[in-house]
J.: 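Structure incoming, see below.
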Amino acid sequence: MTEWWRDAVIYQIYPRSFQDDNGDGIGDLRGITRRLDHVAALGVDAIWLSPIFTSPMKDMGYDVSDYTDIDPLFGTLADFDAMVARAHDLGLKVIIDQVISHTSDKHPWFEESRQSRSNPKADWYVWADPNPDGTPPTNWPSVFGGPAWEWEPRRRQYYLHNFLIQQPDLNFHHRPVQDALLDTMRFWLDRGVDGFRLDTVNYYFHDDKLRDNPPNPDADGPETYGYQQHIHSKNRPENIGFLKRLRTLTDEYDARMMVGEVGDGGDTAIRIMAEYTEGSDRLHMCYSFEMLGPAFTARHFRHVIEGVQKGAPDGHSCWSFSNHDVPRHVTRWGDHTLNRDDLAKQAAAMLLSFPGSVCLYQGEELGQTETELVYAELTDPPALRFWPEVKGRDGCRTPMVWDADAPNAGFSSAKPWLPVKEPQAARAVATQEAGNDSVLSGYRATLAHRKATPALRWGATRFLDLPEPLLAFRRDHDGQTVTCIFNLSKTPAVVKAAGCTLIGPGHASLSGDVLNLPANGFAWLDGAPDLTV
C-alpha cells in the first residue's frame, strides 16, 4: 500500500501535558522529542500534536494568534524542526492541528477587522447588523454557552464566535480568507509535516442568509447547544468546495494526509464523514465523536461503521475512543467491566481491529483513567462556567505519567499546570514496563499483531449477526480472513466456533469447538468459522 495513512495508527500528543523539559510545569517540544522513543516503541505510525502555535491560551492553544510561529510556552521553530527530524528518524510521521474555523481575537487579522467596516480586513470575519431591537442577528448558540454573537461597538455590529468570545469565526465566503489560510498551511508543509488534523472541519462555513436554526426535538442535558439542529451555523454544503482546495494543496506534496474532526453526533456525523471523504478530491479521512461517548454496545459500534461504509464506500474513516475533549474511555465505560485493565486491553483490540485508521490518545496505552478534580484546579472554560453539571475537559488532559517514584510522576520538576494525582501516577510507564501483563504490554502486542496481519490493516469488513453483548466481524484481504469477536460485558460468554483456531494475543480460551470469552474477553480467529451462541 503506497498511501501510508490508510492503515495508520496515529498517537495523539497533547503538548502541554506530555513532557516538560524546561521546568515551568508545562510540556514543550523538547520534552516531546525526548519521549519519542516511547511512542515509537509502541509500534504506531505517526504522531499528532494538538496546537503549538502562538496563542493567548484562552482555549489552550485553540485560539491562534499567529499561524506560522510556535508559542514560547512550547519552544521555537528550531525546536519544532528538531522534533520533526527526530520523529522521522524513528519512522514516525508528524501531523499537526490546524484550527482555521476561527482565530484568537488577538490575531492581527481580527484586530484590524474590528476597527471599522471599511478597512482591508473588514470582511475577513463574520459580521452582522443587530436586529431592530439590538439583539443578535440569529438564534445561534455558542458551544461554550450563551449566544454565538458578540457586540463590537466600533463597527456597531456583532461578530460570530461558535466557541469562546475570544475566538471569532473567519468568513470563508470571502476568498482572500481561504487564500491566506492555505498559505499558512503551505508554510508547514514546506517545513516537513506529513499531514494535518483539521479541527472542527464542519464549522468553516455559515449560512450567508443568517437564518435561525430550528429546535432539536430530542434536546436534553445541561448545555443549551444541543437544543438546536445546527443546519445554518455549521454543516453547510459550501464546505465541500474549500475541502477540495485543501486537497489540491496537499496533493502538491508527496504522501501528505488530512484528517478532519467532525464536531457533530448521531446520523448527521456519519453522513458528514461520508460526504467529506467521498472520492479522491476531498479529505483523506474523517472522525467524529460517535465513538467518544457513553455508548458501549455491539449495535452502536456496528451502526457507526456500517453507516460510513454505506454512505461513502470509497471514503475512509479514522476511529478513536479517547482524545483531549472527552472523558477517558476506561472511566467512561467503567460500568461495563469488573477490571479496568481488562477493559483497556479489550478496547485496544477492538479499536485496532476496526477498518480504517486509528487514533490513540496519550496515556491510553497505560489504561489511564479520568482525573477527579476540584473546582480550584480547573482551567477549562466550559467547566469554569457551568460547574458542577459540566465537568469540562481538564480530567483527560492531566500530565502523562512516566515514573511513579519521581516528582509529578516524571512529567516536570515544577508544579504542573494540572495536577498529577496518585491514581494516575500508579499507571506510570516505568511501572508497566516491569509487568508482562500490563496494559502497556497489551497495547504493544496488539499493535504488533495488527501490523503483522494484512487483513486487519486493509481488509474488507463484514459484521456477523450475534446477540448483544457480542460484537463480531470478519476482515478479508488477499486470501487472508480473520474473524474478530468481543464480549462487551462483565459476564462470561460462550460461543461455538467449528474449526476455530486462535491467533494473536487474545483474552479467550478454546476447548474443542467452544470459545470461552471471559468478561471483556476478545479473540482473533483464523479463517471464517461458523459462530453460534
J.: Is there a donor in the side chain of Glu365 and an acceptor in the side chain of His38, or the other way round, less than 3.5 Å apart?
T.: yes

J.: Go through Lys93 and Asp45 one step at a time and tell me if the salt bridge (charged side-chain N to carboxylate O under 4.0 Å, His left out) criterion holds.
T.: CA-CA 6 Å; Lys93 305 287 188 181; Asp45 304 291; over 6 Å; no

J.: Could you walk me through whether Arg6 and Glu3 satisfy the salt bridge (charged side-chain N to carboxylate O under 4.0 Å, His left out) test, starting with their C-alpha distance in whole Å, then the side-chain angles of each, then the deciding distance to 0.1 Å, before giving a yes or no?
T.: CA-CA 6 Å; Arg6 284 195 175 272; Glu3 295 174 308; 2.5 Å; yes

J.: Ignoring hydrogens and geometry beyond distance, is a side-chain donor-acceptor pair present between Asp97 and Tyr62 at under 3.5 Å?
T.: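 The answer is yes; a qualifying pair exists.
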
J.: Would you indicate whether the side-chain heavy atoms of Asp194 and Val94 approach each other to under 4.5 Å?
T.: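 Yes, close enough: below the 4.5 Å cut-off.
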
J.: Do we see a donor-acceptor contact under 3.5 Å between the side chains of Gln368 and Tyr361?
T.: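 The answer is no; no qualifying pair exists.
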
J.: Heavy-atom count around Arg271 CZ within 6.0 Å, excluding the residue itself: above 12?
T.: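 Atom CZ in Arg271 is crowded, with more than 12 foreign heavy atoms closer than 6.0 Å.
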
J.: Less than 4.5 Å apart, side chain to side chain, heavy atoms only: is that true for Arg86 and Asp37?
T.: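 Counting from C-beta outward, Arg86 and Asp37 do come under 4.5 Å.
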
J.: Taking the side chain as C-beta and beyond, is there a heavy-atom pair between Ser320 and Leu292 under 4.5 Å?
T.: yes

J.: What do you reckon, is CG of Asp179 surrounded by more than 12 foreign heavy atoms closer than 6.0 Å?
T.: yes

J.: We want to know whether Asn202 and Thr200 form a side-chain donor-acceptor pair, criterion being a heavy-atom distance below 3.5 angstrom.
T.: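 Short answer, no.
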
J.: Report the residue from Asp169, Thr103, Asn171 that forms a side chain to side chain donor-acceptor pair (under 3.5 Å) with Tyr125.
T.: Thr103

J.: If we ignore angles and hydrogens, is there a donor and acceptor under 3.5 Å between the side chains of His173 and Glu238?
T.: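 Checked: His173/Glu238 side chains show no N/O donor-acceptor pair below 3.5 Å.
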
J.: Assess the side chains of Ser233 and Asn213: does a donor N or O sit below 3.5 Å from an acceptor N or O?
T.: yes

J.: Which heavy atom of Arg117 sits nearest a heavy atom of Gln157, and at what distance?
T.: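 The answer is NH2-CG, 3.2 Å.
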
J.: Report the residues that fulfil side chain to side chain contact (heavy atoms under 4.5 Å, CB included) with Arg474, sequence neighbours left out, ordered by chain and then residue number.
T.: Arg462, Leu464, Asp476, Thr481, Thr483, Ala528, Pro529

J.: So, using side chain to side chain contact (heavy atoms under 4.5 Å, CB included) as the criterion, who are the partners of Arg186 when residues are at least two apart?
T.: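 Arg186 satisfies side chain to side chain contact (heavy atoms under 4.5 Å, CB included) with Asp190, Leu249, Glu252, Tyr253 once adjacent residues are dropped.
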
J.: Any side-chain donor-acceptor pair under 3.5 Å between Asp20 and Ser412?
T.: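 Yes, a side-chain donor-acceptor pair sits under 3.5 Å.
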
